[in-house]
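For reference, the structure is listed below as structure tokens.
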Amino acid sequence: MKEIFENIPKIPYEGADSKNPLAFKFYDAKRLVMGKPMEEHLPFAMAWWHNLCANGTDMFGRGTTDKSFGAEEGTMEHARAKVDAGFEFMQKLGITCFCFHDVDLVPEAQDIKETNRRLDEISDYIKEKMDATGIKCLWGTANMFSNPRYMNGAGSTNSADVYCFAAAQIKKALDITVKLGGKGYVFWGGREGYETLLNTDVKFEQENIARLMKMAVSYGRSIGFTGDFYIEPKPKEPMKHQYDFDAATAIGFLRYYGLDQDFKLNIEANHATLAGHSFQHDLRISAINGMLGSIDANQGDYLLGWDTDEFPFNVYETTLCMYEVLKAGGITGGFNFDAKTRRPSYTKEDMFEAYILGMDSFALGLLNAAAMIEDGRIDAFIKERYASFESGIGAKIVSGEATLKELSEYAENMENPALPGSGRQEYLEGVVNSIMFR
């Protein structure tokens with residue numbers, strides 16, 4: 001088979017002093033970190049849609065990048081060429097997983113039966129490649145936001161016919177996910193929301209979304225899917241008000257509708273910041289609720305109010321991300337690079353250099369986070385900060401034995417309480433810096 005990424009070798013680890021743009025500086029797959037190889041802490045995945053499909057098109061101009069891979073786009077020949085390109089790309093980078101939407105894999109036909117036939121054909125080919133390489137499917141999903149039929153959402157649509165079409169797409173995407181051994185299945189509600197309450201029954205739409213998810217769980221389990229279902233929170237864009245606004249909103253939805261036993265969250269950095277949170281915040285909220293499932297590894301531009309899906313290079317962000325992941329005991333999913341090269345970065349080398357950047361940034365984050373935990377100063381400070389709840393009246397509060405009347409009497413018998421101990425935020429940020437730049 002003809003090599004697609006000619007003159008690009010398997011990417012080696014060469015260390016921080018390397019000036020080779022096609023080498024890892026920090027990602028050393030076999031290096032032990034807290035007793036586990038780096039590759040086990042960081043199961044990276046390739047996003048089929050951005051890496052093999054996105055061509056640099058934006059709202060102001062046509063594409064700048066050739067993603068034809070030697071085939072006519074919009075054909076099944078092109079679909080197979082993307083498979084060839086994707087597996088060669090992953091092998092050269094040492095990436096072990098991929099993620100997909102249904103319409104990333106094949107061109108959508110006018111007839112869903114023909115689309116499904118195409119999906120069967122291409123998934124057979126992907127399965128052959130998986131068996132030959134050992135590369136796995138992290139998760140699958142259905143694109144229910146691009147086609148005009150989903151202008152008002154899929155589960156939240158006002159059309160029963162569109163709702164049924166969405167159900168058919170989910171069923172087939174689940175079939176393909178199970179066929180490829182996917183560990184998860186994602187619901188990204190890109191258009192599950194509304195623009196104005198003047199034409200929207202919010203309660204009805206949320207109930208219909210829950211019904212669709214319950215049907216998906218029931219069907220998935222019936223065909224042998226044992227992995228996690230995921231919701232991927234996002235606050236806005238394309239809809240003004242999306243129902244999966246942030247981690248806390250998504251968790252509340254799952255619990256209210258009794259879906260929390262089958263679902264976890266797929267947290268994306270760029271989506272968290274669009275919600276006005278830090279990436280670390282949504283990870284922590286997910287983790288303390290037992291809902292941290294998988295991660296979309298990217299970053300946004302703080303100067304722009306939309307989803308820019310950049311490859312991560314902010315090592316503060318990756319460090320705090322990995323701190324949450326390590327403190328949570330790891331994740332059941334992986335780190336999917338839901339990221340795309342910038343529009344002027346249009347060469348094949350740019351594709352590789354972008355992934356090297358992302359993988360190195362997370363490797364640095366892992367090393368820093370492990371050092372923060374091993375250093376112990378942050379954990380010790382937090383423990384001391386809440387020490388008043390470890391004895392006396394504080395311990396009674398925590399145990400649930402105290403009553404409101406008892407606490408009131410306690411307050412009446414003491415002088416005004418002293419100010420709580422200092423939060424020492426600047427000291428702790430200095431600790432992080434001292435570890436990161438040691």
Side-chain angles (χ1 to χ4, degrees), residues 1-11 20-24 44-95 97-109 115 118-119 121-123 125-126 128-130 133 135 137 141 143 145-147 270 296-299 301 304 306-313 336-360:
M1 182 180 298
K2 186 177 185 297
E3 190 176 11
I4 293 173
F5 299 101
E6 294 179 311
N7 303 318
I8 297 178
K10 183 173 174 60
I11 306 301
N20 178 5
L22 294 175
F24 294 117
F44 291 125
M46 180 195 73
W48 207 275
W49 52 100
H50 282 322
N51 201 47
L52 303 177
C53 303
N55 66 0
T57 298
D58 66 17
M59 63 188 77
F60 299 109
R62 63 179 182 269
T64 58
T65 304
D66 180 7
K67 292 287 180 72
S68 65
F69 305 115
E72 182 183 352
E73 297 190 28
T75 65
M76 286 302 291
E77 180 188 6
H78 183 232
R80 292 173 74 89
K82 287 192 294 184
V83 176
D84 294 337
F87 277 84
E88 181 185 330
F89 184 85
M90 288 185 279
Q91 285 182 286
K92 286 187 171 180
L93 277 160
I95 288 178
C97 301
F98 64 89
C99 302
F100 71 89
H101 297 85
D102 49 359
V103 298
D104 305 330
L105 302 181
V106 296
E108 187 174 12
T115 301
R118 295 176 183 180
L119 286 168
E121 177 185 331
I122 205 66
S123 58
Y125 190 50
I126 292 172
E128 290 177 16
K129 293 282 192 176
M130 293 172 68
T133 62
I135 289 172
C137 174
T141 188
N143 179 325
F145 48 88
S146 295
N147 193 291
N270 201 170
D296 269 11
N298 63 13
Q299 68 180 50
D301 188 323
L304 300 174
W306 62 85
D307 198 359
T308 56
D309 285 337
E310 298 179 30
F311 277 89
F313 67 86
N336 170 49
F337 283 114
D338 186 9
K340 56 191 174 186
T341 54
R342 300 301 86 196
R343 193 164 186 264
S345 300
Y346 60 88
T347 70
K348 292 176 179 177
E349 288 79 8
D350 288 322
M351 293 170 64
F352 281 85
E353 289 169 11
Y355 269 77
I356 291 167
L357 169 66
M359 294 166 77
D360 270 346

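Throughout, numbering of the chain's residues begins at 1 and tracks the sequence.
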- Task: Would you check if the distance from the ring center of Phe44 to the ring center of Tyr355 is below 6.0 Å?
- Result: no

- Nearest-0.5 Å distance, CD of residue Glu73 to CG of residue Asp66: 7.0 Å

- Task: Using modelled atom types only, decide if a donor and an acceptor are shared between the side chain of Lys348 and the backbone of Glu6 within a distance under 3.5 Å.
- Result: no

- May I ask you to check whether over 12 heavy atoms, not counting those of Tyr346, lie within 6.0 Å of atom OH? no

- Member of Asp104, Val83, Leu52, Ile126 meeting the side chain to side chain contact (heavy atoms under 4.5 Å, CB included) criterion with Phe98: Ile126

- Query: Run the side-chain contact (heavy atoms from CB on, under 4.5 Å) check on Glu3 and Ile8 step by step: do they pass?
  - Reply: CA-CA 10 Å; Glu3 190 176 11; Ile8 297 178; over 6 Å; no

- Query: Does any non-hydrogen side-chain atom of Cys99 lie less than 4.5 Å from one of Trp49?
  - Reply: yes

- Item | Closest contact, heavy atoms only, Asp58 versus Arg343 | OD2-CD, 3.5 Å

- Query: Distance from Lys340 atom NZ to Asn51 atom CG, nearest 0.5 Å?
  - Reply: 13.0 Å

- Message: How long is the straight-line distance from CZ of Phe24 back to CD1 of Ile11, given to the nearest 0.5 Å?
- Response: 6.5 Å

- Message: Is there a side-chain contact (heavy atoms from CB on, under 4.5 Å) between Glu353 and Leu22? Walk through the geometry before answering.
- Response: CA-CA 6 Å; Glu353 289 169 11; Leu22 294 175; 4.0 Å; yes

- Looking only at heavy atoms, the pair that brings Glu108 and Asn147 closest together is OE1-ND2, 3.7 Å

- Any donor-acceptor pair under 3.5 Å linking the side chain of Thr308 with the backbone of Asp301? yes

- Task: Answer yes or no: is there a donor N or O on one side and an acceptor on the other, between the side chain of Lys67 and the main chain of Lys82, under 3.5 Å?
- Result: no

- Query: Should the pair Trp48 and Phe87 be assigned to parallel (<30°), tilted (30 to 60°) or perpendicular (>60°) ring geometry?
  - Reply: perpendicular

- Query: Nearest 0.5 Å, what's the CE-CD1 distance between Met46 and Ile95?
  - Reply: 7.5 Å

- Query: Of all heavy-atom pairs between Phe337 and Ala297, which one has the smallest distance, and what is that distance?
  - Reply: CD2-O, 3.3 Å

- Message: Tell me the closest heavy-atom pair linking Asn336 and Asp296, and the distance in Å.
- Response: ND2-OD1, 3.1 Å

- Where the side chain of Asn143 meets the backbone of Asp102, is there a donor-acceptor pair that is under 3.5 Å apart? no

- Donor + acceptor pair across side chains of Asp338, Asn298 (<3.5 Å): no

- Query: Rounded to the nearest 0.5 Å, how far apart are CE of Met359 and CG of Leu93?
  - Reply: 5.5 Å

- Message: One pair to check against side-chain contact (heavy atoms from CB on, under 4.5 Å): Lys10 and Gln91. What are the steps and the verdict?
- Response: CA-CA 7 Å; Lys10 183 173 174 60; Gln91 285 182 286; 5.8 Å; no

- Message: With a 3.5 Å distance limit and no angle check, can you tell me whether Glu72 reaches the backbone of Glu77 through a side-chain donor-acceptor pair?
- Response: no

- Task: Please determine if Asp84 and Lys129 form a salt bridge, counting it only when a charged side-chain N lies under 4.0 Å from a carboxylate O.
- Result: yes

- Query: Atom CZ of Phe145 and atom NE2 of His101: how far apart are they, to the nearest 0.5 Å?
  - Reply: 4.0 Å

- Message: Could you check whether any side-chain N or O of Thr64 sits under 3.5 Å from a backbone N or O of Gly56, counting only pairs where one atom can act as donor and the other as acceptor?
- Response: no

- Message: Ring-plane angle category for His78 and Phe69, please: parallel below 30°, perpendicular beyond 60°, tilted otherwise.
- Response: parallel

- Message: Minimum heavy-atom separation for Ile122 and Met76, please, with both atom names.
- Response: CB-CE, 4.3 Å

- Item | Heavy-atom pair of closest approach, residues Ser68 and Ala81 | O-CB, 4.2 Å

- Task: Measure from the side-chain N and O atoms of Lys92 to the backbone N and O of Phe352, and report whether any donor-acceptor pair falls under 3.5 Å.
- Result: no

